[in-house]
*Asks:* 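Got a structure for you, questions after.
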There are 2 protein chains.
Amino acid sequence: MEYNEAKDRFIRAWGTLGANWGINKAMAQIHALLLVATEPLSAEEIMEQLQMSRGNVNMNLRALMDWGIVKKEHKVGERKEFFTAGKDVWELAKQVSRERRRREIEPIIQVLSELQNVSGNDKKAVAEFKKLTSELYEFSSQVDGMIEKFSKSDQTWFYKLLMKI
Amino acid sequence: MEYNEAKDRFIRAWGTLGANWGINKAMAQIHALLLVATEPLSAEEIMEQLQMSRGNVNMNLRALMDWGIVKKEHKVGERKEFFTAGKDVWELAKQVSRERRRREIEPIIQVLSELQNVSGNDKKAVAEFKKLTSELYEFSSQVDGMIEKFSKSDQTWFYKLLMKI
DNA sequence: TTTAACGTTCAAATATTTCTGAAAGTTTAA
DNA sequence: TTAAACTTTCAGAAATATTTGAACGTTAAA
């Protein structure tokens with residue numbers, strides 16, 4: 001397969017994957033483009049290569065920087081800002097799981113813990129409700145803990161874990 | 001907190017969680033309602049309790065059955081169909097990870113493997129591209145394997161794993 | 001200062017997803 | 001058969017999410 005075709009396919013696949021996981025397509029595609037780029041890219045270059053508007057590129061670059069997976073750079077003698085994505089897959093995975101944990105798992109754990117002090121007349125319903133939510137709480141907390149561990153670990157830990165499985 | 005308020009909060013939180021993870025809100029809310037229900041519910045009852053149209057409820061019930069997390073039941077002497085969600089959190093997690101693996105991880109692995117036979121004039125770019133995509137491929141395959149293991153495992157395995165971490 | 005070269009913002013346009021409700025289909029009992 | 005009680009489908013409506021582009025900031029060199 002020709003390089004340019006492969007690059008396109010990769011960018012589109014990354015966009016689709018992102019969309020499946022609740023990340024907008026443009027954001028995922030910009031990330032993919034920066035991942036395969038051999039040099040830092042300017043907003044201008046991203047606009048051109050992905051056929052997106054300036055505003056869209058700007059917004060999504062900021063979102064990517066919020067996620068901590070894209071960095072801004074300056075070249076000497078250039079006014080323009082350039083952007084890069086870390087190429088280390090391991091670091092990327094850790095960063096993404098760290099952020100999703102913070103943004104999505106922590107809030108549901110918070111809600112589940114608040115639901116524990118429920119009361120009411122229908123004893124059976126209340127008991128079942130408590131059982132369900134406390135089990136969900138337990139499970140979520142365990143997953144949360146695993147992800148925390150993972151997002152602070154080094155690659156060796158992960159490989160050791162893989163062996164054990 | 002009063003039972004009905006808690007139930008509402010749970011349903012809304014579940015809906016939001018779903019939406020964050022690319023599952024539509026109605027589907028997640030129906031699932032939440034069935035999770036807390038003490039009895040199987042008919043489409044009618046779901047429509048009423050969640051204030052949704054017949055069509056919406058029907059569509060999303062089918063999607064939930066596709067995911068294998070909601071089942072249809074029949075009561076003796078009743079024409080109507082009733083629906084239930086399995087209350088076992090462990091089973092639920094396994095089923096969801098099994099489906100997401102099949103629907104979302106497998107396809108990206110497929111694409112990544114196809115990208116391996118890339119060629120082109122810009123040797124540096126091609127080499128970097130291969131490195132990136134093969135590392136992503138490796139990582140995805142490992143995660144895929146872990147999820148497969150998980151989705152076939154029993155709870156004991158998970159607890160043992162937790163201990164090791 | 002002024003001005004050119006950028007970056008940022010946001011209201012409006014567009015695209016996408018979800019939802020509704022009525023019509024069509026199906027099943028069962030009489 | 002017929003008819004009542006349900007389920008399914010789907011075109012259009014509504015809601016939501018994304019994208020655009022032009023106006024507005026900001027910076028730095030002249």
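Both backbone and side-chain heavy atoms feed into the values below; hydrogens, waters and symmetry mates do not. Each chain gets a letter, A, B and so on, in the order the sequences are listed, and its residues count up from 1.
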*Asks:* Calculate, to the nearest 0.5 Å, the distance between atoms CD1 and CH2 belonging to A/I23 and A/W67 respectively.
*Replies:*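 The distance works out to 4.5 Å.
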*Asks:* Check the orientation of A/F158 and A/W90. Use parallel for under 30°, tilted for 30 to 60°, and perpendicular for over 60°.
*Replies:* tilted
*Asks:* Find which nucleotide of DNA chain D each of B/K80 and A/V57 is nearest to by heavy atoms, and output the residue with the more 5' nucleotide.
*Replies:*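 Looking at DNA chain D, the more 5' nearest nucleotide goes with B/K80.
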*Asks:* Looking only at side-chain N and O atoms, does A/N56 come under 4.0 Å of OP1 or OP2 in D/dT20?
*Replies:* yes
*Asks:* What is the minimum heavy-atom distance between A/V118 and B/A6, and which atoms define it?
*Replies:*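 In this case the closest contact between A/V118 and B/A6 is CG2-CB, 3.5 Å.
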*Asks:* So which heavy atom on A/L50 is nearest to which on A/I11, and how close?
*Replies:*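 Smallest heavy-atom distance, with atoms named: CD2-CG2, 4.1 Å.
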*Asks:* When you measure from every atom of DNA chain C, which of residues 16-44 of chain A have a heavy atom less than 4.0 Å away?
*Replies:*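 Going residue by residue through residues 16-44 of chain A, none turns out to have a heavy atom under 4.0 Å of DNA chain C.
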*Asks:* Taking only the side-chain nitrogens and oxygens of B/N58, find out if one of them lies under 4.0 Å from OP1 or OP2 of D/dT8.
*Replies:* yes
*Asks:* Compare every heavy atom of B/R102 with every heavy atom of B/P107, then report the nearest pair and how far apart it is.
*Replies:*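 For B/P107 and B/R102, the tightest heavy-atom pair comes out as CD-O, 3.6 Å.
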*Asks:* In this structure, how many angstroms lie between the P atom of D/dA14 and the CD atom of B/Q51, rounded?
*Replies:* 18 Å
*Asks:* Could you verify whether a donor N or O on one side chain and an acceptor N or O on the other, from B/E138 and B/S141, lie under 3.5 Å apart?
*Replies:* no
*Asks:* Rounded to the nearest angstrom, tell me the gap between atom CG in B/L50 and atom P in C/dC19.
*Replies:*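 It works out to 11 Å between those atoms.
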*Asks:* Whole angstroms only, please: what is the CE-C1' distance between A/M59 and D/dA17?
*Replies:* 10 Å
*Asks:* Please tell me whether B/E114 and B/Q110 have a donor and an acceptor in their side chains that are separated by less than 3.5 angstrom.
*Replies:* yes
*Asks:* Nearest whole angstrom, please: distance from the P of C/dC6 to the CG of A/L61.
*Replies:*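 Rounded to whole Å, this separation is 16 Å.
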*Asks:* To the nearest Å, how far apart are A/N60 CG and C/dG7 P?
*Replies:* 16 Å
*Asks:* Expressed as a whole number of angstroms, how long is the span from A/E48:CD to D/dT20:C1'?
*Replies:*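 That distance rounds to 17 Å.
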*Asks:* Determine whether A/K131 and A/E128 satisfy the following criterion, salt bridge (Lys or Arg N to Asp or Glu O under 4.0 Å), listing intermediate values before the conclusion.
*Replies:* CA-CA 5 Å; A/K131 178 159 188 292; A/E128 285 193 20; over 6 Å; no
*Asks:* Rounded to whole Å, how long is the line connecting atom CZ of A/F83 with atom C1' of C/dT8?
*Replies:* 11 Å
*Asks:* Report the distance from atom NE2 of A/H74 to atom C1' of C/dC6, rounded to the nearest whole Å.
*Replies:*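 Between C1' of C/dC6 and NE2 of A/H74: 12 Å.
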*Asks:* Which part of the nucleic acid, if any, lies within contact of A/M52, taking any heavy atom under 4.0 Å across all strands shown: a base, the sugar-phosphate backbone alone, or nothing?
*Replies:* sugar-phosphate
*Asks:* Hey, what's the ring geometry for A/Y3 with B/F129, parallel, tilted or perpendicular (30° and 60° as the breaks)?
*Replies:* perpendicular
*Asks:* Counting side-chain heavy atoms from CB outward, which of C/dG7, C/dT9, C/dC19 is closest to A/R62?
*Replies:*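 Shortest atom-to-atom distance from the side chain points to C/dT9.
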*Asks:* So which protein N/O to nucleotides 23-30 of chain C N/O distances come out below 3.5 Å?
*Replies:*
residue, atom, partner, partner atom, Å
C/dT27, O2, B/R79, NH2, 2.6

